[in-house]
There are 2 protein chains.
Amino acid sequence: MTITDVAKAAGVSRQTVSNTLNSPEVVRDETRKHVLEVIERLGYRANQAARQMRTGRSRLIAIGIEPDGDGISGSWADRFLHSLSETAAQEGYRILLYTAADDRSEIATYEDLLGAYQPDAFVLTGTHHDDLRASWLLERGLPFVAFGRPWSDLPDARHPWVDVDGAAGTEAATRHLLATGHRHIGFIGWPPGSGVGDDRREGWARTLSSPGVQRAVEDGIAAGESAARDLLGTEPEVTALVCASDSLALGALQAREPDRPVAVIGFDDTPAARAVGLTSVHQPLGEAAAACVELLARALESPDAGPPSAHVLLSPSLTIRQSA
Amino acid sequence: MTITDVAKAAGVSRQTVSNTLNSPEVVRDETRKHVLEVIERLGYRANQAARQMRTGRSRLIAIGIEPDGDGISGSWADRFLHSLSETAAQEGYRILLYTAADDRSEIATYEDLLGAYQPDAFVLTGTHHDDLRASWLLERGLPFVAFGRPWSDLPDARHPWVDVDGAAGTEAATRHLLATGHRHIGFIGWPPGSGVGDDRREGWARTLSSPGVQRAVEDGIAAGESAARDLLGTEPEVTALVCASDSLALGALQAREPDRPVAVIGFDDTPAARAVGLTSVHQPLGEAAAACVELLARALESPDAGPPSAHVLLSPSLTIRQSA
DNA sequence: CTGAAAGCGCTAACAC
DNA sequence: GTGTTAGCGCTTTCAG
């Protein structure tokens, strides 16, 4: 079914139908209403390919999906994608998926995609220092939003982003522990240098009145366990641990001695945390995805606004369970 | 950049470029090679919208993404999507995402999508008895593949599907327990009626020489815990439990008494299982997704083959950890 | 094997 | 306000 069929059925010209859809204000109220009724009755949908050829806009938003690492900390994509897709649909966009192993291959995919499907915008996840993808897109003036702050102070890094305030999360965790009577609260995090990890450490550190003890290891349950065992062994006063991830926290849980209760708080509120009763910092992934779409939609509606660089920093919440 | 630019740069007509891409056999070897070089050098990509208008094919595969339930058993979408997207790209297809709360709204989304983006095929997940989606697509002759068997004996249900053999998984779990000396192996599953759940129960039941004891509850950690507590309390001989999901198994783990070791095996090999050392049946999601794409790609290349109904039943494996 | 013409469905300019 | 025209980039006839 084409726009011509609708025009015939409604007894108007093709343009009137097109106008009803694209410039409603230019059509008489009565006519518009009638046309919309016919469209509804016939179940007509404008052919996106034809529309795209004319307008150059695909109403497609592309997002990359990475293979998750240990599968524990990495399982946020599900919820994020669901919300992204839902919000996008409400705004009249659809989500196009692609995979990429690293920045370089992701950029190659951009070229592919832009040549073939011409997505209107990209959503970047897993931003990091010296992100090649962001600068590539920036250079070409392509609309995108990053889920994750640009962890760099380059003037380049001025683009819209949405992120969850990791420091606020560990601060909330630390405050909760202080409120429940803990006085010596340790931290298990990642080696310095990763924006996300440093941010989470900062929230813990700034909440304590005097410097606390900490360990830094690569992410993982086993690493978390040995780090916690080491820390608890060296520091007998420590009664609570804040961790940079649920993986680390799960390891810390296993490092506890039977006769020495230690409160543990993780980060990400993964299914695994729920499964074992681990208190954890919960990220509002649905809101984050919705914010990404909002930012993009706004930028795409008004391309004249120049390089948009709105930022959204969302606050995580603390999901309290048995572990703390 | 258009096909005309390539033609100019290569010193041939537009048609020769088009033929090189779409009917390579009709172009002289030498010419084709030259054209391909120019295409490569210029980084030309055929505009998909224009191509689609001519051919009616979008090279888009649509898949629905559901909000996962408790987030433990439901977190398979990640891995599946990644592999789906990757395999599809290799075959020249891209993945279009949509969300739907139930069958009816999913069908409404089909109509939307078909009118606007015209995906070439759909991937259905979470198949169930009396699946409205499958019959709707079948009626209209639209290509699709289901991840999950059609749990019905209707003659209608003849469409391609890919699935993991759940019964083989619980059978492997039960065999493993028998091999490690267990003689009284119970089962915690879901109420009869769900295809997936019945299938998993069947694998356990058929492996035992004499009928074993079982409980059936809705999915969830709490439900699994009370079901396991009840079963173990009533049946003092039971030393091992096979569960229909990791959620149930996690509950079962918590139901154990300190002085009575009970082996527990879950299903899905979720991150949570890894986190707590739960032995679990692992589904080959990557292979499953790849098989879905293969089936669709084959059906789409040869539309004359009538209603294709190839089936792929993959065998799960057992990931053995401390719990059994 | 290569070149010319038509048209997929739509929307942005124009005339009416 | 409404109807007519052109053309987005491509592939598929059909002549050469």
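Residue numbers start from 1 in every chain, and the chains themselves are labelled A, B, ... in the order their sequence lines are given, proteins ahead of strands. The model shown is predicted, which means the values in this text are computed figures rather than measured ones.
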| message | Can you build the contact string for nucleotides 10-16 of chain D? Use B for base contact, S for sugar-phosphate-only contact, and - for no protein heavy atom under 4.0 Å. | response | BBB----
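Remark: P of D/dG9 and CD of A/Gln118 are 9 Å apart, rounded to the nearest angstrom. A/Gln52 has its CD atom 11 Å from the C1' atom of D/dG9, to the nearest Å. Straight-line distance from the CD1 atom of A/Ile39 to the P atom of C/dC10: 10 Å, rounded to whole Å. Whole-Å rounding puts the B/His34 NE2 to C/dT2 P distance at 11 Å. Atoms CE (B/Met53) and P (C/dT11) sit 11 Å apart, rounded to a whole Å. Straight-line distance from the CZ atom of B/Arg57 to the P atom of C/dG9: 17 Å, rounded to whole Å. One interatomic measurement links the two molecules: CG of B/Leu114 to P of C/dG9, which rounds to 15 Å at whole-angstrom precision.
At least one side-chain nitrogen or oxygen of B/Thr16 sits closer than 4.0 Å to the OP1 or OP2 atom of C/dG3. When the side-chain nitrogen and oxygen atoms of A/Thr31 are compared with OP1 and OP2 of D/dG1, none of them lie within a distance under 4.0 Å.
Defined by atom type and a distance below 3.5 Å, a donor-acceptor pair is present between the side-chain atoms of A/Glu106 and A/Tyr98. Side-chain contact check for A/Asp102 and A/Ser105: at least one donor-acceptor pair (N or O, by modelled atom type) lies under 3.5 Å. Side-chain atoms of A/Thr127 and A/Asp131 form no donor-acceptor pair, as typed in the model, at a separation below 3.5 Å. Side-chain N/O atoms of B/Thr87 and B/Glu294 include no donor and acceptor closer than 3.5 Å. In this structure, a donor-acceptor pair under 3.5 Å is absent between the side chains of A/His311 and A/Asp163.
Between the two ends of the helix from C/dC1-D/dG16 to C/dC16-D/dG1, each summarised by a five-pair axis, the helix axis turns through 40° (rounded to 10 degrees).
Taking CZ from B/Arg28 and CG from B/Asn19, the interatomic distance works out to 13.5 Å, rounded to the nearest 0.5 Å.
Cation-pi geometry between B/Arg140 and B/Trp136 is met: the NZ or CZ atom falls under 6.0 Å from the ring centre, inside 45° of the normal.
Checking B/Arg59, B/Arg57, B/Gln118 one by one against B/Gln52, the side-chain hydrogen bond (donor to acceptor under 3.5 Å, both in side chains) holds for a single residue, B/Gln118.
Under the 6.0 Å cut-off for aromatic ring centres, B/Trp161 and B/Phe147 do not qualify, their centroids lying 6.0 Å or more apart.
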